[in-house]
Amino acid sequence: MVERTQPINPWPGISAATLVAALILGTLVTVALRAETSGGFAPSDWAALRFTLVQATLSAVFSAVLAIPVARALARRRFRGRRLLITLLGAPFILPVIVAILGLLQVFGRSGWISDVLSIFGLPPVQIYGLHGVVLAHVFFNLPLATRLILQGWQEIPAERFRLAAQLGCNGMAMFRLIELPMLRRVLPGVLAVVFAICLTSFAVALTLGGGPRATTIELAIYQAFTYDFNLGRAALLSALQLALTAAAALAALKFSRGDSFGAGLNRAIRRWDGGTPLLDAIWIIAAATFLLLPLASVAISGVIGLFELPSLVFRAAVTSILVAAASTAILLLLAVPMAVSVATGRHNIVELCGILGLAASPLVIGTGLFILIRPVANPTAVALPVTALVNAVMALPFALRILVPAARDTVERHGRLALSLNMSSRTFFIRVMVLRLRPQIGFAAGLAAALSMGDLGVIALFADAQIATLPLQIYRLMGAYQMQAAAGGALLLLLLSMGVFWILDRGGRWHAEA
Amino acid sequence: MLKLDKCTIANGDFLLNADFEIETGARVAVIGPSGAGKSTLLETIAGFRDLKAGQIYWNGKDLTTLPPGKRPLAMLFQDGNLFPHLTAAQNIALGLRPNGRLSTDEMEMVRSALQRVDLLDMGARKPAELSGGQQSRVALARILVQRREVLLLDEPFAALGPALKAEMLDLVADLVAETKTTLLMVSHDPQDALRITRQTVLVADQIAQAPVATAQLFENPPPSLRDYLG
């Protein structure tokens, strides 16, 4: 293929990618250099590794196995609210972890709804802390993702296959074996790998529902080495271990998972002739919806009361969170848009690779590295908020690129020649064509980045002292102080802010955008 | 005079040779079976593809290494000739100033170009709010303000109905006559070629042949053209 000239200057994107790579790899090297000076792995480190692998495996298996009947039910039933439910399945991605955990505690906790019901029958309350609590929370977050991915597999089966199978008289089990099992065999490895990789770097869930020697993830162990022992060498060693794990898992996830999980087209119900039992499908859909919505409803109800007597601390934290989210979104766009444009020229695969690096990086590892780097020159707590905004932006980068790159490619493809023949400069093409054409995708990516940053409880916990807090951290502190009313109020506020900021940016991007 | 000097165009395994001249102000059709390389030929002249060998000259000036926007020619593609997010007037303005704001004089030029293609009231509309024929007129109005010496048409009117296509071709004929522009036009319909061109370049069997008189060519077609015409 003859290479065509393109009206694009790839250098801003390459510079942005270099910055990202320098941040991720630079902190990594910093951590690695530190790690050598410590005394090797302690037994508790091996326990953390074992727990991390066990909880991630269990979370992946439960999420995927439970997602199969839910996705199947959604694929073959049409009912009112189906679209809404499928849209809601995308919501956990931007749902602040601390909000979900509070909701899960209110439903499954020691003094939660289920324990209340059990006590009527004289049974002991359920325990949520420990391995099963961590897995429960992970399934809460990843069951919807797994359902969406598997549903996509179902939707991609050509309708003609079902028609042919129906004509041949296949039904029930035969239809499943003939058409659906091969699809699941193709899709499930990717689903398992993605959920496994996500759960490996779980921090906030382990922080709140895990802990103790028997339920500590590596990510949490890094945090504890930092905050309890202030043992930087050990934190660095654990970071290196975490990095090896996440890199391997991210590679596996990329290898097994195909295409876009953000894709549209999930709104179509496939016409089926094998009947099946509507009742069973209904039970699965209702059970899944209840499992997902009950904790959120619980937070909303208890939060409404707390909302009116929130301590001023919470409002201050909310303002901090909004500022951090705004800064993080701005950083993300400054990195992601030029990078997407460079990738769109098709000649800068290295830029795309730098974007994917963020998937393998763990926020606490980057945080540890930055802490080690910053400490000799400044007080790390003084830069807690900028660092949080930066790390959040880098973590959102892989997702933003996945949203932006296809549209950027399409724009180059459709309008590049015309721009060239008009002698348009690459600067003008970027401002007058690219940015305007990408507006819906930029809005979507910005919404995701803002919501993710708003709800993030990760690197901020490393850096912050008692004076500084983002809203998720403040809620965590209120929970630790057993001020559950205020925590619920704060959680509702956080939920509204995260969803609101996503909605505004996503809508803003699509406002009056021409096809 | 447009001169293709011993040109070889490569596109993967595909090869096309061209070695001919076209007089300034000529109107030339480019005809041949599909896949023979008509579009490839025009894209190469426009600078979207690199030559494997040979040189392209316009009035003695070597164009071979110039980027597309610096060549003294304008091109209309099969589709994507307008930016969908810009108004008709803004699209035309890009032909005058691709990278900046228009002066008052230039705005007047955009207005008169709109007037020339009978779209004076439509300047504020975006392409989606215009019919297919009107979109073609906007593209032609932009060609008008671009004032390039050569116009390349790669079947931009293929999606229009026969009557509308004929109307557009007549408008093109008028415009190139008014501005003394040299025209090269890809077509797969002999009627189009007969309608507005005097000469025809036949592209077949890996060769773009020198232009011959259009009417004469169709009266006595060579074997490769006869196969194509059926």
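Here is how names work: the chains are called A, B, and so on, in the same order as the sequence lines, proteins then strands, and each is numbered from 1.
- Under a 3.5 Å cut-off, the side chain of B:N59 and the backbone N or O of B:M1 do form a donor-acceptor pair.
- Partner B:Q55 forms a side-chain contact (heavy atoms from CB on, under 4.5 Å) with one of B:T65, B:L4, B:D62 and no other, that one being B:D62.
- Interface residue A:R432: backbone and side-chain heavy atoms are both found under 4.5 Å from chain B.
- Of the listed residues (B:K70, B:R71, B:K52), the greatest number of heavy-atom pairs within a distance under 4.5 Å of chain A belongs to B:K70.
- Ranked by heavy-atom pairs under 4.5 Å with chain A, the first of B:N81, B:D13, B:L76 is B:N81.
- For the pair A:R437 (side chain) and A:V412 (backbone), a donor-acceptor distance under 3.5 Å is absent.
- Checked against the 6.0 Å centroid criterion, the rings of A:F444 and A:F399 do not qualify as a close aromatic pair.
- Looking at B:R97, neither its backbone nor its side chain comes within 4.5 Å of chain A, counting heavy atoms on both sides.
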